[in-house]
Amino acid sequence: MTIRVAIAGARGRMGSTAAAAITEAPDMEFVGALDYKYDGWYINEGTLIEKAHGVRVYTSLAELYQAHQPDVLLDLTDPEAVFPNAQKAIALGIRPVIGTSGLTLEEINQLQLLCEQKGIACILAPNFSIGAVLMMKFAAQAAHYLGDVEIIEMHHDRKLDAPSGTAVKTADMISSVRTPHLQGHPDEQVNAYGARGADVQGMKIHSVRLPGLLAHQQVLLGGEGELLSIRHDSFDRKSFMPGVLLSIRESVRHQDFVNGLEQLI
Ligand code: NAP
């Protein structure tokens, strides 16, 4: 069976890389691009053109659905667009595969409920890199024994949201295996706002944004007289593509909401 894939965000850095990977996959077809502008234009080998050649751009998911019946909507847009896109997709019976970060916990719960009502899958993957998912799994495994944890996530300076979805997911995974407790000195005095990072599930997350970076994370686990550092680096957006293709394939095998690629590998 050929999986028919629509992409929201196909003009973007991740979306254009994913469009190329999907076009090359023998079991998938890139059938339509969902955008908020350029309605009626075409995407041809990564370039946006007005000539009717390539994959058509739609600003309405309902129209895209009517013309191409996609099985999956891959979302690589921004924190404002992702929730309404996924809601509309589920209502039309299109499985959302979401790589966009910035969904709130409430929005995630709502999408889960909508999937249950409709009986279709939605795959939410804060990080499509297999190496990054292993880094999160190893960190959760290590936190059984070394429960004092801080996370440093580092991304390119075009990233809109902080902390990263991967860092929040890592904190969630760690919090499910460790006993909640106060970290650091109880009388700690912070003299510059934000110096100790964001508090997520009792762990500090520090977000670095610099040109030259892509997506990197280090989990530091401290114990008496020792430190374990678990680090992952994505140097190229191609590192996310095996996870993108895996998520698309799994979305047509599932009928439920899957939160995290770690549920699939
Ligand atoms: P990007 O280059 O800015 O691409 C986002 C694209 O989405 C842009 O072309 C943007 O258009 C478009 N867009 C905005 N609103 C839209 C809407 N309503 N409908 C359709 N398209 C819309 O960003 P990126 O680096 O590719 O990242 C995209 C998302 O993926 C981010 O949330 C990022 O954090 C996430 N990400 C996830 C992973 C993962 O492994 N899960 C890895 C890397 C990045 P304009 O430029 O005109 O606004």
Side-chain angles (χ1 to χ4, degrees), residues 5-22 30 32-39 41 43 46-48 55-64 70 73-89 94 96-104 107-108 122-136 153-170 207 209 211 213-217 232-248 250-251 258-265:
V5 185
I7 303 176
R11 281 184 295 111
R13 288 164 295 215
M14 275 291 282
S16 53
T17 313
I22 289 163
F30 173 28
L34 179 66
D35 212 313
Y36 67 96
K37 53 189 179 186
Y38 299 115
D39 191 53
W41 286 48
I43 290 180
T47 308
L48 197 62
V55 174
R56 216 202 108 155
V57 178
Y58 294 83
T59 50
S60 154
L61 186 57
E63 278 179 31
L64 192 162
L73 175 70
L74 174 65
D75 196 295
L76 294 161
T77 58
D78 73 25
E80 297 287 310
V82 55
F83 182 66
N85 281 350
Q87 262 186 323
K88 287 177 202 156
I94 310 169
V97 170
I98 302 174
T100 310
S101 49
L103 280 172
T104 65
E107 288 171 336
I108 293 172
C122 171
I123 314 277
L124 174 61
N127 202 315
F128 282 120
S129 145
I130 309 283
V133 171
L134 290 173
M135 173 264 297
M136 291 187 250
E153 57 97 339
M154 294 158 278
H155 283 82
H156 58 88
D157 61 350
R158 305 283 86 203
K159 186 166 174 61
L160 288 174
D161 56 311
S164 71
T166 304
V168 173
K169 179 79 188 174
T170 308
S207 298
R209 297 290 177 266
L213 294 170
L214 179 55
H216 317 259
Q217 181 168 296
H232 177 264
D233 298 273
S234 275
F235 299 113
D236 191 298
R237 288 187 176 83
K238 284 185 181 158
S239 65
F240 302 115
M241 295 308 122
V244 168
L245 299 182
L246 173 81
S247 300
I248 292 169
E250 289 293 328
S251 74
V258 178
N259 190 352
L261 203 59
E262 69 282 359
Q263 315 290 337
L264 303 174
I265 62 168

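In listed order, ligands and their atoms are each counted from 1. Quick note: numbers below take in every heavy atom, side chains included, and nothing from hydrogens, waters or symmetry partners.
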Colleague: Out of Gln217, Lys159, Arg209, which residue meets the side chain to side chain donor-acceptor pair (under 3.5 Å) rule with Glu153?
Modeller: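 Passing option: Arg209.
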
Colleague: What residue and heavy atom of the protein are closest to atom 41 (N) of ligand 1, and at what distance?
Modeller: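 Ranked first by proximity to atom 41 (N) of ligand 1 is Ala125 O, 2.9 Å.
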
Colleague: Assess whether side-chain contact (heavy atoms from CB on, under 4.5 Å) is satisfied between Cys122 and Ile98, documenting all intermediate values.
Modeller: CA-CA 8 Å; Cys122 171; Ile98 302 174; 3.9 Å; yes

Colleague: Write out the residue and atom name of the closest protein heavy atom to atom 42 (C) of ligand 1, then the distance separating them to 0.1 Å.
Modeller: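 The closest heavy atom on the protein side is Met14 CE, 3.5 Å.
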
Colleague: For atom 9 (O) of ligand 1, what's the nearest protein heavy atom and its distance?
Modeller: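 Residue, atom and distance for the closest contact: Gly12 N, 3.4 Å.
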
Colleague: Taking all non-hydrogen atoms of both residues into account, name the closest pair between Glu107 and Gly102 and its distance.
Modeller: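 Distance-wise, the nearest heavy atoms are OE1-O, 4.3 Å.
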
Colleague: Which bit of Glu80 is near ligand 1, meaning a heavy atom under 4.0 Å away: side chain, backbone, both or neither?
Modeller: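 Contact part for Glu80 vs ligand 1: neither.
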
Colleague: For the 3.5 Å polar cut-off, considering only N or O atoms, please tell me whether Arg11 and ligand 1 meet it.
Modeller: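 Yes; at least one N/O pair falls below 3.5 Å.
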
Colleague: Report the residues that fulfil side chain to side chain contact (heavy atoms under 4.5 Å, CB included) with Ala19, sequence neighbours left out, ordered by chain and then residue number.
Modeller: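 Once residues adjacent in sequence are excluded, the partners of Ala19 under the side chain to side chain contact (heavy atoms under 4.5 Å, CB included) criterion are Ile7, Phe30.
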
Colleague: Using a 3.5 Å cut-off on N or O atoms only, is Ser101 in polar contact with ligand 1?
Modeller: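 The answer is yes, given that Ser101 and ligand 1 share an N or O pair closer than 3.5 Å.
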
Colleague: Which heavy atom of the protein is the closest neighbour of atom 13 (N) of ligand 1, given with residue, atom name and distance?
Modeller: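 Here the closest protein heavy atom is Tyr36 CE2, 3.9 Å.
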
Colleague: Give me the nearest non-hydrogen protein atom to atom 20 (C) of ligand 1 as residue plus atom name, then the distance to 0.1 Å.
Modeller: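 Protein heavy atom at minimum distance: Leu34 O, 3.2 Å.
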
Colleague: Got an N/O contact under 3.5 Å between Ala8 and ligand 1?
Modeller: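 No, Ala8 has no N/O under 3.5 Å of an N/O on ligand 1.
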
Colleague: Which option out of Asp161, Leu76, Asp78 puts a heavy atom nearest to atom 5 (C) of ligand 1?
Modeller: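 Result: the heavy atom closest to atom 5 (C) of ligand 1 is in Leu76.
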
Colleague: Using every non-hydrogen atom in the two residues, find where Lys37 and Thr59 come nearest and quote the distance to one decimal.
Modeller: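 Between these two residues, the closest heavy atoms are N-CG2, 3.6 Å.
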
Colleague: Below the 3.5 angstrom mark, is there an N/O of Ser129, backbone or side chain, next to an N/O of ligand 1?
Modeller: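 The answer is no, given that Ser129 and ligand 1 share no N or O pair closer than 3.5 Å.
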
Colleague: May I ask whether Pro126 places a heavy atom under 4.0 Å from ligand 1?
Modeller: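 Distance cut 4.0 Å: Pro126 passes for ligand 1.
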
Colleague: How close do Ser129 and Ala132 get, heavy atom to heavy atom, and via which atoms?
Modeller: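 Scanning both residues completely, I find the closest heavy atoms to be OG-N, 2.9 Å.
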
Colleague: Check this for me, if you would: do Arg56 and Asp39 make a salt bridge, where the nitrogen-to-carboxylate-oxygen distance has to be below 4.0 angstrom?
Modeller: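 The answer is yes: the pair qualifies as a salt bridge.
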
Colleague: List the atom pairs, donor and acceptor, that lie under 3.5 Å between side-chain atoms in residues 76-83 and the rest of the protein, sequence neighbours left out.
Modeller:
from	atom 1	to	atom 2	distance (Å)
Thr77	OG1	Asp75	OD1	2.6
Asp78	OD1	Glu80	N	3.0
Asp78	OD1	Ala81	N	3.0

Colleague: Distance-only, no hydrogens or angles: does the Lys169 side chain make a donor-acceptor pair with backbone N or O of Asn259 under 3.5 Å?
Modeller: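 Side chain of Lys169 to backbone of Asn259, a donor-acceptor pair under 3.5 Å: yes, one is there.
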
Colleague: Of all the heavy-atom pairs spanning Leu64 and Pro70, show the shortest one and how long it is.
Modeller: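 Minimum heavy-atom separation between Leu64 and Pro70: CD2-CG, 3.7 Å.
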
Colleague: Indicate the atoms forming the closest heavy-atom contact of Ser164 with His155, along with that distance.
Modeller: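 In terms of heavy atoms, the two residues are closest at CB-CE1, 3.5 Å.
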
Colleague: Below 3.5 Å, N or O to N or O, backbone or side chain included: is there any such pair between Gly15 and ligand 1?
Modeller: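 No - when backbone and side-chain N and O of Gly15 are compared with those of ligand 1, no distance drops under 3.5 Å.
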
Colleague: Within the structure, is a non-hydrogen atom of Lys37 found at a distance of less than 4.0 Å from ligand 1?
Modeller: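 Yes; Lys37 lies near enough to ligand 1 that a heavy-atom distance drops under 4.0 Å.
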
Colleague: Pull out every atom of ligand 1 sitting under 4.0 Å from any heavy atom of Lys159, numbered as shown with elements.
Modeller: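 So the answer, numbered in order with elements, is 34 (O).
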
Colleague: If I apply the N/O under 3.5 Å rule, does Phe128 come out as touching ligand 1?
Modeller: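 The answer is yes, given that Phe128 and ligand 1 share an N or O pair closer than 3.5 Å.
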
Colleague: Enumerate the atoms of ligand 1 whose separation from the nearest heavy atom of Asn127 is less than 4.0 angstrom.
Modeller: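 Answer for ligand 1: 39 (C), 40 (O), 41 (N).
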
Colleague: Does an N or O from Arg13, backbone or side chain, lie closer than 3.5 Å to an N or O of ligand 1?
Modeller: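 Arg13 vs ligand 1: N/O contact under 3.5 Å present.
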
Colleague: To check your reading of the model: name the closest protein heavy atom to atom 29 (C) of ligand 1, its residue, and the distance in Å.
Modeller: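 Protein heavy atom with the smallest distance to atom 29 (C) of ligand 1: Thr77 O, 3.4 Å.
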
Colleague: When you measure from atom 37 (C) of ligand 1 to each heavy atom in Ala18, Gly99, Gly9, Ala81, which option holds the nearest one?
Modeller: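 When every heavy atom of Ala18, Gly99, Gly9, Ala81 is considered, Gly99 comes closest to atom 37 (C) of ligand 1.
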
Colleague: Ser101 and Asp161: which non-hydrogen atoms are nearest, and at how many Å?
Modeller: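 Smallest heavy-atom distance, with atoms named: OG-OD2, 3.0 Å.
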
